[in-house]
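These notes are about the structure you will find just below.
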Number of protein chains: 2
Amino acid sequence: MAQSDTVDRILDAAEELFAERGFSETSLRMITSKAKVNLAAVNYHFGSKNALIHAVFGRFLTPFSATLEKAFDELEVRCDGKPPTLNQTLWVLTESAVRMPQRNEKGISIFMRLLGLAYTQSQGHLRKFLEQEYSEPFSRFMRLLKEATPQLSAVDRYWRIQFMLGATAFTMSSSDALQDILRNKLGVDTTVQEIAARLVPFLAAGMQAQDALLAPRAESKIPVA
Amino acid sequence: MAQSDTVDRILDAAEELFAERGFSETSLRMITSKAKVNLAAVNYHFGSKNALIHAVFGRFLTPFSATLEKAFDELEVRCDGKPPTLNQTLWVLTESAVRMPQRNEKGISIFMRLLGLAYTQSQGHLRKFLEQEYSEPFSRFMRLLKEATPQLSAVDRYWRIQFMLGATAFTMSSSDALQDILRNKLGVDTTVQEIAARLVPFLAAGMQAQDALLAPRAESKIPVA
DNA sequence: GTCTGTTTGAAACATACGTTTGAAGCACAT
DNA sequence: ATGTGCTTCAAACGTATGTTTCAAACAGAC
């Protein structure tokens, strides 16, 4: 069977297990037994566990970043000259994510969960890998955000972007569990698309909130250090 | 020295290392050597590594939840009858966190980072422990949120609360790294207090955003499944 | 001092991990 | 058929982990 589907089977299993359990909590033996391949296959095809982690990210991040670039291009054409609004920028991002061709029905939530883990689990090697591989679409997104929120100071913008990332990564990364809870509690079904549709207005409103450091109640103000 | 400070030395070291590196990435040998105690001391005093993790959380979560209960009591008195506003509720929460007596200068960020990890690293035993130990202040907070946002549907409120939790847990769990980046990029120093002061308005604005499912641009709308 | 219960210490235990090895299996060109 | 290059396989390697063991050290009561 051509260059053997071993590589893909490993990637599929690794992706799912990493998303479920994190990186250090997932052993090569779990991966290879789920993928039904020999233990040595990972080191043979990828070289090391860390390299496998990089490959898992590369497999979905490379096409995603291409899709995103194109979507940003279209957006800028559509806006000819004028900088896109915050809402437009956020929508383009979430649409690109949601529209990515999925390997299976869990695709989008695995995708999100992995992104969240990449930020959260301070695996030095991963962060370095992502920075040098995907710095371009990332900084382009940042530039668009900057142009869409000229009223914010650089520091305010920086932190609010982190808040957005957090809300997104966290929600999407546990979207399965959260959907289950909601179904049990309120008997409502939700798709990832609907979650995204709820998330974007939340983020946009947060980004455009009034100046951050004007505390709302004098007696409630936190003393500055 | 009384019942020996071994227990506290272990807790101090464990707390710091867990916050820095996560749970599975921190070995008992790292902890005991940092604490300058014998390896066996952990299992002697705590029983197991998992029990040590619970003890680390218990040590700061129990006083925190007491502080929080009192703060909620005061808030409700201050509002006599009327339900507290969203801003008030969020401020009371962050103030209670920020004002907790700190063991050292890193106290608050360790505190936050651990809370973030607790949500993020899906350690089953930890989640179960936290749920059955601290369900009361948690559900009280939820009740206050509900009363503060009567205009939201239950489903909207549910998702927006998840967004808030995500933004908070994520930001706080990597607050050190994020502060470093900001220092290198813009040469600005930030305290955890300031992060909290920026976070609250962001969250409040997001919670009170216009109805979630009115998409902003027709041609950008995500097709409903 | 001597006994008693608790705490510490060095060493070992069993297990799990990532990685390496070298033989076997396989497809395919010659 | 034979040789060649790639892939699979079972087994082992070395190291690190959480936990247990049991003797030594210690503190306080008598």
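Just so it is clear, the structure is predicted and the values come from calculations on it, not from any experiment. Any value given below was found using the heavy atoms of this structure, including those in side chains, with hydrogens, waters and symmetry copies removed. In what follows, chains carry the letters A, B, and so on, assigned in the order in which the sequence lines appear, proteins first and then strands, with residues in each chain numbered from 1.
Using a 4.5 Å heavy-atom cutoff, the side chains of A:Leu130 and A:Phe138 are not in contact.
Ion pairing between a basic and an acidic side chain is recognised when a charged N comes within 4.0 Å of a carboxylate O; B:Arg143 and B:Glu147 show such pairing. Ion pairing between B:Asp180 and B:Arg183 holds under the 4.0 Å rule for side-chain N and carboxylate O. A salt bridge is absent between B:Glu136 and B:Arg140; no separation between the charged side-chain nitrogens and carboxylate oxygens falls under 4.0 Å.
When ring centroids are compared, B:Phe57 and B:Tyr134 stay outside the 6.0 Å threshold.
Of the side-chain N and O atoms in A:Thr6, none sit less than 4.0 angstrom from OP1 or OP2 of D:dT7. Checking the phosphate oxygens (OP1, OP2) of D:dT8, a side-chain nitrogen or oxygen of A:His45 falls inside 4.0 Å. Of the side-chain N and O atoms in B:Ser27, none sit less than 4.0 angstrom from OP1 or OP2 of D:dA16.
For B:Leu52 and D:dT17, the CG to P distance is 15 Å, given to the nearest whole Å. As a whole-Å value, the separation of A:Phe46 CZ from C:dT19 P is 13 Å. Following rounding to the nearest Å, B:Glu25 (CD) and C:dC17 (P) show an atom-to-atom distance of 14 Å.
Looking at heavy-atom distances under 4.0 Å, A:Thr26 makes contact with sugar-phosphate atoms alone, never a base.
Residue-environment remark: CD (B:Glu133) exceeds the threshold of 12 foreign heavy atoms within 6.0 Å.
Bending across the helix from C:dG1-D:dC30 to C:dT30-D:dA1, expressed as the angle between its end axes from five pairs apiece, amounts to 10° (10° rounding).
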Protein-nucleic acid N or O pairs under 3.5 Å, nucleotides 19-22 of chain D:
| from | atom 1 | to | atom 2 | distance (Å) |
| --- | --- | --- | --- | --- |
| D:dT19 | OP2 | B:Asn43 | OD1 | 3.2 |
| D:dT19 | OP2 | B:Lys49 | N | 2.9 |

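The ring-ring contact (aromatic ring centres under 6.0 Å, His included) test applied to A:Phe72 returns no partner, not counting sequence neighbours.
There is a side-chain donor-acceptor pair under 3.5 Å between A:Glu25 and B:Ser24.
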